[in-house]
Amino acid sequence: MQALIDPTTITGRQRQVIELIAQGLSNEELGQELGISPRTAKAHCDVLRQKLGVPRRRQIPLAYRLLTGDDPLAKSLASARADNRG
């Protein structure tokens, strides 16, 4: 697989998918969260695997983080911390 050279080719929707994968959601759960079918969720994952040059779905968040320096879990962790405080 060819690895992504330019991180700007990752769309906003694909970033959402990466965040949800990082949280451990299945394609079915991902679909429910985003209002899409599990098949469409899988298609997003397949495209991301190609763009990021990884063979497995679970490698997507790490590959994204290594490429961009952005932690896909950072937003959900910050939200969880805020929920626990208030």
Side-chain angles (χ1 to χ4, degrees):
M1 285 189 183
Q2 177 93 10
L4 175 71
I5 306 275
D6 181 4
T8 62
T9 65
I10 295 178
T11 67
R13 182 60 135 192
Q14 289 171 338
R15 282 187 190 88
Q16 287 179 309
V17 170
I18 292 168
E19 290 172 11
L20 295 173
I21 293 170
Q23 292 175 34
L25 273 63
S26 68
N27 285 339
E28 187 165 311
E29 293 166 327
L30 203 151
Q32 289 173 354
E33 184 74 23
L34 297 177
I36 58 177
S37 73
R39 187 173 180 173
T40 301
K42 183 185 181 314
H44 280 298
C45 293
D46 291 342
V47 169
L48 284 165
R49 283 188 314 99
Q50 288 180 336
K51 282 186 172 186
L52 295 168
V54 295
R56 296 199 173 14
R57 179 184 188 275
R58 68 177 177 244
Q59 296 169 321
I60 291 170
L62 178 59
Y64 176 78
R65 182 177 181 184
L66 292 173
L67 178 70
T68 64
D70 293 335
D71 184 350
L73 279 177
K75 189 188 304 179
S76 63
L77 291 174
S79 176
R81 281 189 208 111
D83 289 346
N84 286 335
R85 288 185 195 140

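Side-chain atoms are counted along with the backbone in the values below, which use heavy atoms only and exclude waters and symmetry mates. Quick note: residue numbers are just sequence positions, from 1.
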Quick one: pull up [atom1] in [X] and [atom2] in [Y] and give me the separation to the nearest 0.5 Å.
X   : Y   : atom1 : atom2 : answer
I21 : I60 : CD1   : CD1   : 4.0 Å
L67 : L52 : CG    : CG    : 6.5 Å
L20 : E29 : CG    : CD    : 9.5 Å
Q50 : L48 : CD    : CG    : 9.5 Å
Y64 : E19 : OH    : CD    : 7.5 Å
S37 : Q32 : OG    : CD    : 11.5 Å

Checklist entry - Are the side chain of R49 and the backbone of R56 linked by a donor-acceptor contact shorter than 3.5 Å? => result no
Item to check | N/O donor-acceptor pair under 3.5 Å between R65 side chain and L73 backbone | outcome: no
Checklist entry - Do you know which two heavy atoms are closest between V54 and A63, and how far apart they sit? => result CG1-CB, 3.6 Å
Is the [atom1] atom of [X] crowded by more than 12 outside heavy atoms at less than 6.0 Å?
X   : atom1 : result
E33 : CD    : no
E28 : CD    : no
R15 : CZ    : yes

Checklist entry - Between T40 and L34, does a side-chain contact (heavy atoms from CB on, under 4.5 Å) hold up when you go through it step by step? => result CA-CA 10 Å; T40 301; L34 297 177; over 6 Å; no
Item to check | Sole candidate of H44, R57, R39 that passes side-chain contact (heavy atoms from CB on, under 4.5 Å) when paired with N27 | outcome: R57
